[in-house]
Structure formats: structure tokens, C-alpha cells
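One structure below.
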Amino acid sequence: MDITAAKTFLEVLKTGSFAAAAANLHVTQTAIGARIRVLEQELGCPLFVRNKIGTQLTPAGQKFQRYAVSIVRLADQATQSIRLSQAQEAVVMLGAELSISNPIVPLWLVWMRQAYPGLALSVRVDTADRLIDQVQEGSLDAAILYGAPRRPGLVAELIFEEKLVLAESSHPSQPIDETQTVQIDWGEEFADAYYSAFPDEPASTVAVSYGPLALEYILAVGGRGYFRRGFIAPYLQDGRLSLVKSAPEFSYSAYAVHSPRADEAIIAHIREGLRACSSRLINGRTKNNARK
């Protein structure tokens with residue numbers, strides 16, 4: 001299948017019209033139409049419906065969308081790999097959820113560069129569902145996710161076990177009560193466990209889907225919330241945060257997810273680096289706690 005045609009399909013989808021796609025790709029609208037017709041002939045069905053309100057996907061076009069993304073992504077990956085210098089052995093492609101990317105991914109990048117200088121490294125941060133799709137289609141070697149995915153055909157290896165702990169501002173701008181608990185999205189399992197532990201707690205007036213943003217809010221105005229202990233360790237050490245005594249802790253485990261068809265040598269490098277970095281984080285946290 002023509003890669004250019006797949007890219008053109010995605011550009012029409014993104015812009016909503018043949019004319020806008022032509023402007024973005026610096027070709028004529030006639031050329032855009034010709035590429036789409038060739039693609040439709042190859043697939044044996046129309047992909048777009050053009051009307052007064054713009055260009056919309058047909059049911060067949062909706063099905064093809066995912067494959068077009070995969071085709072373009074794999075083509076870009078192949079180009080990157082082929083263009084590597086002879087000194088570089090391969091590209092290692094790792095994905096990570098935003099909430100887990102810091103500090104483990106920066107540490108992993110440094111560790112991999114020192115341990116395997118002959119490997120090129122590529123990191124992609126995205127949502128769990130998109131990362132799993134990319135692992136399954138082969139455009140990522142592995143992804144770091146919280147919680148083992150419930151999809152068949154994937155291997156999930158435990159990398160480290162993290163704890164979610166309840167922390168509050170040590171210098172609140174006003175007295176802290178339950179209504180100042182910031183609701184942070186740590187997934188359905190945490191939500192179920194949290195409401196079981198706090199069945200009578202009033203609804204939170206602030207909800208945030210991203211932990212670091214919630215932390216900035218709490219540090220600015222006061223309040224409390226559940227955070228990964230490793231992430232807030234520096235704030236506990238310098239006294240800006242303190243743990244809420246007797247508050248329950250919740251398990252939040254991280255997994256490296258990959259396809260059973262993935263290159264085992266690459267997976268072994270990823271696994272080795274992630275476990276070395278997670279061990280460093282845990283040992284560093286233990287030493288800091290011992291100093292207290």
C-alpha cells in the first residue's frame with residue numbers, strides 16, 4: 001500500500017476537507033483526490049463522503065483509520081532504523097503513561113545510554129490504551145503502564161510496586177478538612193478502593209486527572225491528596241508535604257507490557273534498565289527514610 005496515500009488519508013481526516021489537506025501538503029486538490037481514489041480502488045470501497053459541511057468518513061473509512069495510523073507509524077519507524085549509522089545496532093522504542101514517566105523514564109534513558117551506547121533510544125508518552133495499541137501493532141517494543149492490561153496476546157511483567165499515600169501541605173493557607181482532598185485520577189481500581197476506605201467522605205470540590213498538576217495546586221493553596229510516594233519523596237524530605245497519619249496506603253504497581261513476538265534481546269535490555277532504575281529509586285528512598 002502506498003505510504004503517501006495513507007498519509008494523505010490521515011491529513012484529509014485531520015483537516016476535514018480535501019482543500020485544506022492540499023494546502024497543508026503543498027499539492028493540488030486534484031492530486032489529493034487522485035490519491036484517495038487510488039486508495040479506495042485498492043480497498044474496494046469509498047472512504048469519505050463529501051457534502052456541504054465538509055468531508056466525513058464512511059464506515060469503511062472509520063475501520064481503515066487505525067490501520068492508516070499503523071502504516072504511517074511503522075513506515076516512519078523503518079526509515080529511522082535504516083538511517084541509523086553503522087555504529088548503532090538498533091532502535092529501542094519504549095512507551096510510558098504520563099503519570100509514570102517521571103522520574104523512571106529519564107533515569108532509564110541515562111542508564112541505557114551508559115549501559116548500551118550502541119542502541120538508539122526512542123520514548124513516547126501517551127495514554128494507556130494508545131500505548132497498548134502501539135505495542136500490539138509493533139511500533140513500540142514495550143510500554144510502562146500502571147496495572148496489568150486486560151487484553152489477550154500481551155505479556156505484562158511487574159517492574160516495581162509503588163504505594164499511593166495521602167499527603168497534605170505542611171503550610172496550608174487555611175485549615176485542612178476532607179472537602180479539601182483533591183480527587184486525583186489513579187484509575188478505576190484505586191477509585192473503588194478509595195471509596196471503600198472513605199465511604200462517608202463528602203465529594204471533593206477539586207478533581208484533577210494529572211498528579212503533578214494536583215501537587216502544584218496543593219502546594220499553592222493547601223489541601224491533601226493521594227500521590228505516588230516516590231514522586232513526592234523530595235517534598236516530604238524538605239517539609240513542604242507531610243503524610244497524613246493512619247491514612248490507608250494503596251498499591252499501585254507498574255508493569256512493562258510487550259508482545260510475545262517482540263525481539264527478546266531488546267525486551268531484555270528494557271527490562272534490565274527499568275529494574276535497575278526502579279531499584280535505585282527504592283534504595284534511595286529507603287536511605288532517605290533511614291536518615292529521618
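Computed from a prediction, not measured in an experiment: that's the story for all the values here. If you read the sequence from its start, that first residue is 1, and numbering goes on from there.
With contacts defined as side-chain heavy-atom distances shorter than 4.5 Å, the pair L140/L94 does not qualify. A 4.5 Å side-chain heavy-atom check between Y116 and V92 finds every atom pair outside the cut-off. Within the 4.5 Å cutoff, side-chain heavy atoms of Q65 are placed close to those of L13. Taking 4.5 Å as the limit, every side-chain heavy atom of R224 sits out of range of all side-chain heavy atoms of V182. Between I184 and F190 the shortest side-chain heavy-atom distance does not fall below 4.5 Å. Using a 4.5 Å heavy-atom cutoff, the side chains of V206 and Q183 are not in contact. Two residues are said to be in side-chain contact when any heavy atoms from C-beta on lie closer than 4.5 Å; V105 and V125 fail this criterion. Contact of the L10 side chain with the V69 side chain is registered, since non-hydrogen atoms from C-beta on lie closer than 4.5 Å.
In this structure, R50 forms a cation-pi arrangement with F18, its terminal cationic atom sitting closer than 6.0 Å to the ring centre and no more than 45° off the ring axis.
Counting all heavy atoms, side chain and backbone alike, A262 lies closest to D141 at CB-O, 4.2 Å. What you find for A265 and D263 is that their closest heavy atoms are N-OD1, 2.9 Å. Listed here is the closest heavy atom pair of G230 and P234: O-CD, 4.1 Å. Minimum heavy-atom separation, R228 to L164: N-CD2, 3.6 Å. Summarising the geometry of A21 relative to V12, their closest heavy-atom pair is CB-CG2, 3.7 Å, with the distance given to 0.1 Å. The minimum heavy-atom distance linking L158 with R275 is given by the pair O-NH2, 3.1 Å.
Using a 4.0 Å cut-off between charged nitrogen and carboxylate oxygen, R271 and E157 count as a salt-bridge pair. At a threshold of 4.0 Å, the pair R124-D126 does not count as salt-bridged, since none of the basic side-chain nitrogens sits closer than that to a carboxylate oxygen. Taking the charged nitrogens against the carboxylate oxygens, K14 and E11 do have a contact shorter than 4.0 Å, which makes a salt bridge.
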Go through E161 and S253 one step at a time and tell me if the side-chain contact (heavy atoms from CB on, under 4.5 Å) criterion holds.
-> CA-CA 4 Å; E161 290 186 284; S253 302; 3.5 Å; yes

Apply the test side-chain contact (heavy atoms from CB on, under 4.5 Å) to residues S278 and I104: give CA-CA distance (whole Å), side-chain angles for both, the deciding distance (0.1 Å), then the verdict.
-> CA-CA 7 Å; S278 62; I104 189 72; 4.2 Å; yes

L154 and Q136: CA distance, side-chain angles, deciding distance, side-chain contact (heavy atoms from CB on, under 4.5 Å) verdict = CA-CA 8 Å; L154 290 175; Q136 288 184 315; 3.7 Å; yes

List the steps and the verdict of side-chain contact (heavy atoms from CB on, under 4.5 Å) for T4 and R35.
-> CA-CA 8 Å; T4 301; R35 293 176 186 177; 3.6 Å; yes

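S279 OG to I159 CD1: the interatomic distance, rounded to the nearest 0.5 Å, is 12.0 Å. For the atom pair CG (L145) and CD (E97), the distance works out to 5.0 Å, reported to the nearest 0.5 Å. One distance of note links NZ of K7 with CG of D2; it measures 10.0 Å at 0.5 Å rounding. L121 CG to W111 CH2: the interatomic distance, rounded to the nearest 0.5 Å, is 11.0 Å. Atoms CG and CD1, on L131 and I144 in that order, are 9.5 Å from each other to the nearest 0.5 Å. Between F227 atom CZ and L215 atom CG the span is 5.0 Å, to the nearest 0.5 Å.
Checked against the 6.0 Å centroid criterion, the rings of F48 and F9 qualify as a close aromatic pair.
Side-chain atoms of T181 do not come within 3.5 Å of backbone N or O of G225 as any donor-acceptor pair. In this structure, S139 contributes its side chain and V135 its backbone to no donor-acceptor pair below 3.5 Å. For the pair T28 (side chain) and A31 (backbone), a donor-acceptor distance under 3.5 Å is present.
Cluster annotation: L43 is not connected to V49 through the hydrophobic network of ILVMFWY side chains, with a link wherever side-chain heavy atoms come within less than 4.5 Å. Grouping the Ile, Leu, Val, Met, Phe, Trp and Tyr side chains by contacts below 4.5 angstrom, directly or via other members, places Y255 apart from V155. Under the 4.5 Å side-chain contact rule for hydrophobic residues, V38 and I32 do not share a cluster. The hydrophobic clustering, which links ILVMFWY residues whose side-chain heavy atoms are closer than 4.5 Å, places M112 and V110 apart.
Under the ring-ring contact (aromatic ring centres under 6.0 Å, His included) rule, Y226 has a single partner from F231, W186, F250, which is F250.
Within 6.0 Å of the CZ atom in F198, the count of heavy atoms belonging to other residues, nucleotides or ligands exceeds 12. The number of heavy-atom neighbours closer than 6.0 Å to CD of E264, taken from other residues, nucleotides and ligands shown, is above 12.
Under the 3.5 Å distance criterion, with hydrogens and angles disregarded, a donor-acceptor pair is assigned to the side chains of Y194 and E201. Side-chain N/O atoms of Y210 and E216 include no donor and acceptor closer than 3.5 Å.
The aromatic rings of F160 and Y146 sit perpendicular to each other, their planes meeting at more than 60°, with 30° as the lower class boundary.
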